[in-house]
A.B. asks: 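Structure provided below as structure tokens; questions to follow.
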Amino acid sequence: MLRKNALKYAAVLVALLILWQLLSMALKLSFLPPPAKVIVNLFIRFLPEISVHAVYSLWRVFAGIGLSMLFGIPLGLGMGYFPRLDKFLSPVVYFTYPVPKIALLPLVMLIFGLGEFSKILMLTMIIVFHIIVAMRDAALGIPKETFYTLVSLGAGTVKIIKKIVIPASLPGLFTSLRVSLGTALSVLFFTETFGTQHGMGYYIMDAWMRVDYTDMFTGILVLSIIGLLLFILLDVAESTLCRWKTGG
């Protein structure tokens, strides 16, 4: 399965590079360098410079995902399994979820400063709501008959959640992470243009300000690769933790 997906990704990458090359040749614009020039620049500058920015961006993404899961999974499962908790928290979630989180960036930076925490907090604010809603709906969607066997054997709430609710809700968790990841990377790029000198967002904007379009496209390429690797990582994690979906 992974090998088949790798071949698909490689085929799409080749097609995009060909399209990029054709556009570069046809338009002949100074700010659209050919892909070969960008790839060569990537190999030259990745280890001494770009890798540092990539590590900072990855750290922020993983920290944001980790915090979102830490708070979102128990809240979502609790709302889905305990009706009273859902009745109490649902209005709060429904009221705050639609608020565009990027609009809160100035407020977050005023309160928490321009450091790492404000950037990670912005990512968390985006991802955590997706997780809460997905886990809640997944738990609510479990047929009641599924619990009867464990209940008849005297299983308590903790065991039911561990053996039934969590495994049944895991696909919803991975779906929510996929949905929120693209938005999270966009917000990460935006936050990395403020109060920092590290991160792919800073690298791309710095190259743009220096009118170095080869560097700019190199940064865009690296950020795209980071997103692709994160999606692949989610696929691997889901195939490992949710083998029952495919009978594996």
Side-chain angles (χ1 to χ4, degrees), residues 1-62 64-65 68-69 123 126-127 130-131 134 170-190 192 199-205 207-208 212-248:
M1 183 67 178
L2 291 176
R3 183 179 299 178
K4 185 182 295 186
N5 287 338
L7 291 174
K8 291 180 181 178
Y9 292 139
V12 172
L13 177 61
V14 170
L16 289 175
L17 289 175
I18 292 174
L19 177 61
W20 182 357
Q21 177 66 37
L22 292 175
L23 286 173
S24 178
M25 293 171 60
L27 299 177
K28 296 181 180 179
L29 299 171
S30 60
F31 56 82
L32 186 61
K37 187 177 181 180
V38 172
I39 293 172
V40 169
N41 187 61
L42 173 60
F43 278 101
I44 292 173
R45 307 198 63 169
F46 183 78
L47 285 178
E49 185 176 357
I50 299 177
S51 59
V52 176
H53 296 281
V55 168
Y56 270 88
S57 292
L58 279 171
W59 144 248
R60 290 160 184 157
V61 170
F62 281 120
I65 291 175
S68 299
M69 292 174 64
L123 294 178
I126 291 170
I127 300 172
H130 289 271
I131 292 178
L170 280 177
L173 171 64
F174 289 109
T175 299
S176 66
L177 288 174
R178 289 191 187 93
V179 170
S180 59
L181 191 57
T183 306
L185 287 174
S186 300
V187 172
L188 174 69
F189 168 82
F190 192 74
E192 287 181 338
M200 294 311 304
Y202 169 82
Y203 184 86
I204 293 169
M205 293 303 294
W208 177 58
D212 190 336
Y213 299 119
T214 301
D215 256 6
M216 184 182 76
F217 271 91
T218 303
I220 294 172
L221 179 61
V222 171
L223 193 59
S224 301
I225 293 172
I226 288 175
L228 175 62
L229 291 177
L230 290 173
F231 271 98
I232 293 174
L233 183 61
L234 289 175
D235 285 344
V236 172
E238 184 175 20
S239 64
T240 302
L241 297 175
C242 305
R243 293 182 179 179
W244 50 269
K245 285 184 63 179
T246 56

A.B. asks: Could you tell me whether a side-chain N or O of S176 sits under 3.5 Å from a main-chain N or O of A134, the two making a donor and an acceptor?
C.D. replies: no
A.B. asks: To the closest 0.5 Å, what do you measure between CD1 (I65) and CG (L123)?
C.D. replies: 8.5 Å
A.B. asks: Verify the neighbour count for atom CE of M69: are there more than 12 heavy atoms of other residues, nucleotides or ligands below 6.0 Å?
C.D. replies: no
A.B. asks: For the residue pair V179 and T183, what are the closest heavy atoms and their distance?
C.D. replies: O-OG1, 4.3 Å
A.B. asks: In Å, rounded to the nearest 0.5 Å, how long is the span from OG1 of T218 to CZ of F43?
C.D. replies: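 Atom-to-atom, T218:OG1 and F43:CZ are 11.5 Å apart.
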A.B. asks: Side chains of F189 and I220: closer than 4.5 Å at any heavy-atom pair?
C.D. replies: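 No, every pair of side-chain atoms sits at 4.5 Å or beyond.
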A.B. asks: Side chains of P171 and E238, heavy atoms from C-beta outward: is any pair under 4.5 Å?
C.D. replies: yes
A.B. asks: Let me confirm one number: the CD1-CG distance from I131 to L177, rounded to the nearest 0.5 Å.
C.D. replies: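 Reported to 0.5 Å precision, the distance equals 4.5 Å.
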A.B. asks: Let me confirm one number: the CE-CD1 distance from M200 to I225, rounded to the nearest 0.5 Å.
C.D. replies: 9.5 Å
A.B. asks: Give a yes or no on whether F190 atom CZ has more than 12 heavy-atom contacts from other residues, nucleotides or ligands under 6.0 Å away.
C.D. replies: no
A.B. asks: From I50 CD1 over to L42 CG, what is the distance, rounded to the nearest 0.5 angstrom?
C.D. replies: 5.5 Å
A.B. asks: Working note: I18 + L22, criterion side-chain contact (heavy atoms from CB on, under 4.5 Å); need CA distance, chi angles, decisive distance, verdict.
C.D. replies: CA-CA 6 Å; I18 292 174; L22 292 175; 4.1 Å; yes
A.B. asks: Closest heavy-atom contact between L241 and L170?
C.D. replies: O-CD1, 4.1 Å
A.B. asks: If only atom types and distance count, is the side chain of S51 paired as donor or acceptor with the main-chain N or O of F46 below 3.5 Å?
C.D. replies: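 Yes.
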A.B. asks: How many angstroms lie between atom CD1 of I39 and atom CG of L17, to the nearest 0.5 angstrom?
C.D. replies: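 Output value for this atom pair is 5.0 Å.
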A.B. asks: List the atom of L185, the atom of G227, and the distance in Å for their closest heavy-atom pair.
C.D. replies: CD1-CA, 3.6 Å
A.B. asks: Under the side-chain contact (heavy atoms from CB on, under 4.5 Å) criterion, do F217 and K37 qualify, and how do the steps go?
C.D. replies: CA-CA 10 Å; F217 271 91; K37 187 177 181 180; over 6 Å; no
A.B. asks: Measure the shortest side-chain to side-chain distance between R178 and D235 over non-hydrogen atoms and say whether it is less than 4.5 angstrom.
C.D. replies: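 Yes, at least one pair of side-chain atoms sits under 4.5 Å.
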A.B. asks: Just by distance, do the side chain of S24 and the backbone of W20 share a donor-acceptor pair under 3.5 Å?
C.D. replies: no
A.B. asks: Please work out whether the ring planes of Y213 and F31 are parallel, tilted or perpendicular, with thresholds of 30° and 60°.
C.D. replies: perpendicular
A.B. asks: Walk me through it: do L234 and L181 pass the test side-chain contact (heavy atoms from CB on, under 4.5 Å)?
C.D. replies: CA-CA 10 Å; L234 289 175; L181 191 57; 4.3 Å; yes
A.B. asks: Looking at D215, T214, D212, which hits side chain to side chain donor-acceptor pair (under 3.5 Å) with N41?
C.D. replies: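 Result: among D215, T214, D212, D215 is the only option passing the side chain to side chain donor-acceptor pair (under 3.5 Å) with N41.
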A.B. asks: For side-chain contact (heavy atoms from CB on, under 4.5 Å), just list the numbers for R60 and L188, CA-CA rounded to whole Å, side-chain angles, deciding distance to a tenth of an Å, and then say yes or no.
C.D. replies: CA-CA 8 Å; R60 290 160 184 157; L188 174 69; 3.8 Å; yes
